There are 2 protein chains.
Amino acid sequence: MTPTPDSDLQLLTQAALFDGLTEAQLHTIQQHATLVRVPRRTFFFHQGEAATTFYLLREGQVRLSQINPEGKQVIIHLFGPGDVLAVIVVLSNAPYPLSAEAITDCVAWAWNRETAVHLMEQCPRLAINGMDMVAGRFLELQNRYRELSTERVEQRVARALIRLIHQRNGYQEQKPYPLLSLTRQDLAEMTGTTLYTVSRICSSWEQQGLLEAGREQLHIHKLEELTTIADDLRPSPPNFPPRPN
Amino acid sequence: MTPTPDSDLQLLTQAALFDGLTEAQLHTIQQHATLVRVPRRTFFFHQGEAATTFYLLREGQVRLSQINPEGKQVIIHLFGPGDVLAVIVVLSNAPYPLSAEAITDCVAWAWNRETAVHLMEQCPRLAINGMDMVAGRFLELQNRYRELSTERVEQRVARALIRLIHQRNGYQEQKPYPLLSLTRQDLAEMTGTTLYTVSRICSSWEQQGLLEAGREQLHIHKLEELTTIADDLRPSPPNFPPRPN
DNA sequence: CGCATCGTTGATCAAGCTCAAGCCGCGTGG
DNA sequence: CCACGCGGCTTGAGCTTGATCAACGATGCG
C-alpha cells in the first residue's frame, strides 16, 4: 500500500460514487485512501474473513463468488473499473459473505471500515451514492434470480453474454464484441448451469455463425440474435404458431 | 391517508430504520409521515409504476413479487412489521421493479421521494440505517440465488420454511410453529419450482410427521429435521457413505 | 347451493446433469 | 526445441429430477 499520488485525484473525482461531492470532501476522502495492487488469480478477500476494507476498482476485472458447503461455486457478479467492492458489508461488521478474486491484474483504492462509516456520517451524499450503487446491483440480482427461476438455460446464457458486453465494453466497441478472460466454467457459474451445457450451447451458436468461440474468449457477431434468443418464449413442440395473443 | 397521531411516535422510534436518531430528527420524520391502510389482496404499488413513495410496515404481511413477460411470478421477499418497503428504488427515480401486495390487511407509514431524499441528506444516520437494511435483504437474496443454483427443490423448500419461521414469528412462539396465509403456490414462487412439486413435498413431510399441512397453512413440528434436510448433500444413489471428508 | 380457490395425485416426458473419454493449445522445463 | 502436462474445451450416452398435463377432492365464502 502506497499513499495516493496527487495525479490520482482526477480519477477519483470521476467515480460515480463521488458524484456531487465538494472539492474539500473529495480531498478528505482521498487522504484516507490507499492504493492497492492485486495480481491476477489472487484475492481481494475471502468469504468468511472479517470485512475490514472496501474498494473502488480502478483497473482490472474482479470475480465475486460464493461457494457452498458442497464446494460448488456461484458467481454473483463480475466487476470492472469504477465499480465498488464490498460497500454493503463494510457497514455492518459482519464477515465477507463471498470472495473477490482478480481475474486480471487489478489496481484499486481502499478504505477501511471506520473511515468509511466516518466519511459517510460527514457527507450524507456519499452514503446516498453508495446506496444508489447498491440499488443497481440489487436490481440486477433480482432480475437474475427471476431468470434463474423462470427461464431455460439457453436464454440465461444469452442474457449473461448481453449483460457482460454492456457492462464491460460500455457499448462503444466495434463488432465483433469481444469477451476476454471468460471461461465456459465462469459462464456456467453465472447462469446456474454446468460447464458442459454451456459448451454445447456455445458450439451450437458458433455453428449458426452467431459468435466465434475460443479458449477463454468469445467474439459476438450477432448481438441482436442473442437478444431474440433471450426473449424467445417457447415452452412447446417445435414449429409452434408464434403465439396467438 | 390521515396525519399520524402522536401516539404513533412511540412505535416509530422503535423501528430499526430510525436507530440512533435524535428526538428532534424523529419528530421531523414523523411530521412528514402519513399513515396508510392497505386491505388484503390490494397493492401498495405495481411493477412499472413510478416510484414515488416508500413505506415502513407497521402491521400485516406483504408479498414482493416480480412478474416476467410470460406471466410467471417470482416472489422476491415477504415482509412483516418493521420492514421497509421500496427504500432502494425511491432514491433513483426509476419505476418500481416489482409489485407489493398485501396478503393480510396492512397498516404502514409512508413518505414520498422528495422528503425521503431530503431527510437522508439532513441525517446521514438515516441513510446509513437504510443501507444496512438493504444490505440484509441483499445478503438474503444472494443466498437464495446460490441455493437456486446449486440445491435441489426439496432443500430449497425446507430452507424457505425455516426462513419464514425465523422472520415471521421471531422465534419465540411455541411448537408447532405456525405459518399462516401461505399457499403452496407462494412457496413454489419463493423457491423456483411448481405448485405440484411443493404439494408432493409437503404431503411426504406430513406422512413423516414432520409437519401438519392445511389450506393456506403449515404447522411445523420438527424444525430440526427440516434443517437436516436443507443441509443434506446427497448427489448419489441411496445408501451412500455419509461423505469421507 | 354453487362457485372459486386451493390442494392432491398419477402418468408422462424432456431439459439438462452426470460421467466418461478424448482433443487442443499453451507454457514450462528438460 | 521438443515433449510433457495442465487447464480449458468438446462431445456422446445414459439417466434423474422435476415440469407438465389432467382429473379430481376439499374447503370456504357469498
Side-chain angles (χ1 to χ4, degrees), chain A residues 40-41 63 70-74 101 103 147-158 179-207 211-219 229 232-238 240, chain B residues 40-41 63 68 70-74 101 103 147-158 160 179-207 211-219 229 232-238 240:
Chain A
R40 177 177 147 90
R41 309 242 167 148
R63 166 170 51 213
E70 273 172 84
K72 289 193 182 180
Q73 255 201 9
V74 171
E101 179 184 0
I103 335 186
E147 290 164 17
L148 195 50
S149 269
T150 63
E151 291 177 358
R152 276 163 307 109
V153 171
E154 197 183 16
Q155 299 180 279
R156 303 202 305 264
V157 176
L179 290 173
L180 309 178
S181 315
L182 182 73
T183 68
R184 305 287 182 275
Q185 178 77 35
D186 285 339
L187 267 174
E189 287 174 6
M190 277 184 251
T191 53
T193 179
T194 63
L195 157 63
Y196 309 106
T197 302
V198 170
S199 174
R200 278 180 239 275
I201 289 175
C202 287
S203 298
S204 138
W205 284 346
E206 186 166 32
Q207 282 191 352
L211 51 73
E212 211 174 327
R215 186 195 177 82
E216 297 201 1
Q217 49 184 291
L218 298 174
H219 296 265
I229 289 175
D232 179 35
L233 36 103
R234 83 184 137 88
S236 42
F240 190 68
Chain B
R40 177 177 149 90
R41 309 242 169 150
R63 166 171 50 213
N68 83 349
E70 272 172 85
K72 290 194 180 179
Q73 255 201 10
V74 172
E101 180 185 358
I103 18 185
E147 290 164 16
L148 195 50
S149 269
T150 62
E151 292 177 358
R152 276 163 307 108
V153 172
E154 198 183 15
Q155 299 180 279
R156 303 202 306 264
V157 176
L179 290 173
L180 310 178
S181 316
L182 183 72
T183 68
R184 306 287 183 274
Q185 177 77 33
D186 285 339
L187 268 174
E189 287 174 7
M190 275 183 254
T191 53
T193 179
T194 62
L195 155 63
Y196 310 107
T197 302
V198 170
S199 175
R200 278 180 239 274
I201 290 174
C202 287
S203 297
S204 139
W205 284 346
E206 187 166 31
Q207 283 192 353
L211 51 73
E212 210 175 327
R215 186 194 178 83
E216 297 201 2
Q217 50 183 292
L218 298 174
H219 296 265
I229 290 175
D232 178 36
L233 36 103
R234 84 183 135 89
S236 41
F240 190 68

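Just so we're clear, the structure is a prediction, and the values are computed from it rather than from any experiment. Below, chains carry the letters A, B, ... as their sequence lines are ordered, and counting in each starts from 1.
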Check the distance between [N]'s [atom2] and [X]'s [atom1] and give it to me in whole angstrom.
X	N	atom1	atom2	answer
B/Gln207	C/dT9	CD	C1'	11 Å
B/Ile201	C/dT8	CD1	P	12 Å
A/Gln217	C/dC26	CD	P	10 Å
B/Leu148	D/dA19	CG	P	11 Å
B/Glu154	D/dT17	CD	C1'	12 Å
A/Gln185	D/dC6	CD	C1'	15 Å
B/Tyr196	C/dC13	OH	P	17 Å
A/Trp205	D/dT10	CH2	P	13 Å

Hey, does the side chain of A/Arg156 reach the backbone of A/Thr191 with a donor-acceptor pair shorter than 3.5 angstrom? yes
A/Gln217 (side chain) donor-acceptor with A/Gly214 (main chain) under 3.5 angstrom: no
For a quick check, tell me whether the side chain of B/Arg200 and the base of D/dT17 share a donor-acceptor pair closer than 3.5 Å. no
Rounded distance (nearest 0.5 Å) linking atom CE of B/Met190 with atom CD of B/Gln73: 11.0 Å
Per atom distances to the B/Glu216 side chain, the nearest of C/dG7, C/dC17, D/dC9 is C/dG7
With a 4.0 Å cutoff (strictly under), does any side-chain N or O of [X] reach OP1 or OP2 of [N]?
X	N	result
B/Lys72	D/dA19	no
B/Ser199	C/dT8	yes
B/Thr193	D/dG18	no
B/Arg184	C/dT8	yes
A/Thr194	C/dC17	yes

On a heavy-atom basis, which atom in B/Ala213 and which in B/Glu206 lie closest, and how many Å separate them? N-OE2, 3.0 Å
Minimum-distance pair of heavy atoms, taken over all atoms of B/Ala158 and B/Ile229: CB-CG2, 4.1 Å
Of A/Glu206 and A/Arg215, whose closest DNA chain D nucleotide lies nearer the 5' terminus? A/Arg215
